[in-house]
Amino acid sequence: ILNVEQSPQSLHVQEGDSTNFTCSFPSSNFYALHWYRWETAKSPEALFVMTLNGDEKKKGRISATLNTKEGYSYLYIKGSQPEDSATYLCAPSGGGATNKLIFGTGTLLAVQP
Amino acid sequence: DAGVIQSPRHEVTEMGQEVTLRCKPISGHDYLFWYRQTMMRGLELLIYFNNNVPIDDSGMPEDRFSAKMPNASFSTLKIQPSEPRDSAVYFCASSFGESPLHFGNGTRLTVT
């Protein structure tokens with residue numbers, strides 16, 4: 001069972017601020033790390049899937065990095081907008097079960113105009 | 001592509017009743033997952049299937065919960081008998097291989 005920790009639990013920023021949050025996971029038997037964005041009253045939507053140490057992915061103003069040796073991933077949002085308000089979940093897989101995603105409890109981001 | 005379809009969207013039932021939640025995965029996807037969302041535990045994996053075969057059911061809370069996938073286009077999650085602590089949002093998700101999960105809109109279950 002993978003122990004996933006996300007920090008901070010919640011974050012309030014002003015429109016235009018850049019922000020980042022952390023996902024920590026056990027580095028042993030790691031296979032992949034998924035990031036999802038979950039808006040209120042909707043279902044989670046995939047942002048990134050990363051597998052390689054040092055991997056960096058970007059989608060518009062959102063980017064993510066991965067360090068598999070030390071077991072963490074950062075998600076960055078540049079110039080936050082109110083529509084970025086959501087819960088951001090990470091989910092690693094590993095231990096031989098490459099499709100078994102264990103989700104963290106997420107970081108709730110609120111962007112105020 | 002209609003996405004993952006779950007039914008019903010809302011279910012209100014009395015304690016002791018049987019509840020059946022339904023899921024139609026995206027056509028061509030070979031993995032199907034059932035998750036439960038609660039305030040206390042977040043998004044919790046209950047069970048997942050690969051090619052209609054249950055692979056890991058270690059997250060199923062107890063014997064009152066059962067899940068089936070009789071064919072590639074349909075899965076059910078059954079709770080019998082239901083209890084108030086089962087109240088939660090239940091999500092079904094599907095994927096192809098190791099691609100990202102596609103989630104349904106969820107079923108909000110309330111057991112009174």
Side-chain angles (χ1 to χ4, degrees), chain A residues 1-10 21 23-25 29-52 55 57 59 62 64 66 73 75 86-109, chain B residues 1-7 9-10 21 23-26 29-61 67 69 88-108:
Chain A
I1 296 175
L2 296 179
N3 187 24
V4 187
E5 293 185 3
Q6 290 190 247
S7 62
Q9 277 192 319
S10 65
F21 8 102
C23 172
S24 301
F25 51 88
N29 296 320
F30 169 85
Y31 183 76
L33 192 283
H34 293 226
W35 279 101
Y36 289 79
R37 181 170 177 274
W38 194 357
E39 289 183 73
T40 304
K42 294 187 177 180
S43 48
E45 292 183 345
L47 285 172
F48 306 114
V49 179
M50 297 187 288
T51 55
L52 299 175
D55 221 359
K57 300 244 175 168
K59 193 175 195 177
I62 304 177
L66 178 67
S73 176
L75 189 80
T87 296
Y88 291 83
L89 300 168
C90 72
S93 66
T98 58
N99 289 78
K100 183 176 179 178
L101 297 185
I102 304 298
F103 283 87
T105 51
T107 293
L108 174 61
L109 174 67
Chain B
D1 181 358
V4 176
I5 300 173
Q6 290 188 246
S7 64
R9 288 297 304 273
H10 303 274
L21 311 181
C23 176
K24 177 179 167 56
I26 292 173
H29 281 191
D30 55 350
Y31 282 87
L32 184 140
F33 305 80
W34 282 102
Y35 283 89
R36 176 171 71 173
Q37 181 208 1
T38 61
M39 289 294 290
M40 293 294 293
R41 306 179 83 160
L43 205 53
E44 185 184 12
L45 178 63
L46 300 178
I47 184 171
Y48 75 99
F49 297 82
N50 177 219
N51 291 323
N52 314 339
V53 176
I55 302 301
D56 188 332
D57 66 355
S58 58
M60 295 285 261
M69 192 164 184
V89 181
Y90 291 80
F91 285 97
C92 175
S94 70
S95 69
F96 176 70
E98 293 161 357
S99 64
L101 272 57
H102 294 256
F103 284 82
N105 289 325
T107 294
R108 182 175 294 278

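Proteins come first, then strands; the chains are lettered A, B, ... in the order of their sequence lines, and each starts at number 1.
For B/Leu101, the parts sitting under 4.5 Å from any heavy atom of chain A are the backbone and the side chain alike. B/Glu44 does not touch chain A: none of its heavy atoms, backbone or side chain, sits under 4.5 Å away. Interface remark: A/Leu47 contributes no atoms to any contact with chain B (heavy atom separation under 4.5 Å). A/Tyr36 touches chain B through its side chain: at least one heavy atom from C-beta onward sits under 4.5 Å away, while N, CA, C and O do not. If you measure heavy-atom distances from B/Ser99 to chain A, the contacts under 4.5 Å come from the backbone alone.
The minimum heavy-atom distance linking A/Gln6 with A/Tyr88 is given by the pair NE2-O, 2.9 Å. For the pair A/Ala86 and A/Arg37, the tightest heavy-atom approach, listed with the atom from each and the gap, is CB-CG, 3.9 Å.
With hydrogens and angles ignored, the 3.5 Å screen pairs no side-chain donor or acceptor of B/Asn105 with any backbone N or O of A/Ser43.
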ring-ring contact (aromatic ring centres under 6.0 Å, His included) between B/Phe91 and A/Trp38, worked out: CA-CA 13 Å; B/Phe91 285 97; A/Trp38 194 357; 5.5 Å; yes

Kindly determine whether A/Phe48 and A/Leu66 satisfy side chain to side chain contact (heavy atoms under 4.5 Å, CB included), including the steps that lead there. CA-CA 11 Å; A/Phe48 306 114; A/Leu66 178 67; over 6 Å; no

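With respect to chain A, the highest number of heavy-atom pairs below 4.5 Å among B/Ser95, B/Pro100, B/Gly42, B/Gly59 belongs to B/Pro100.
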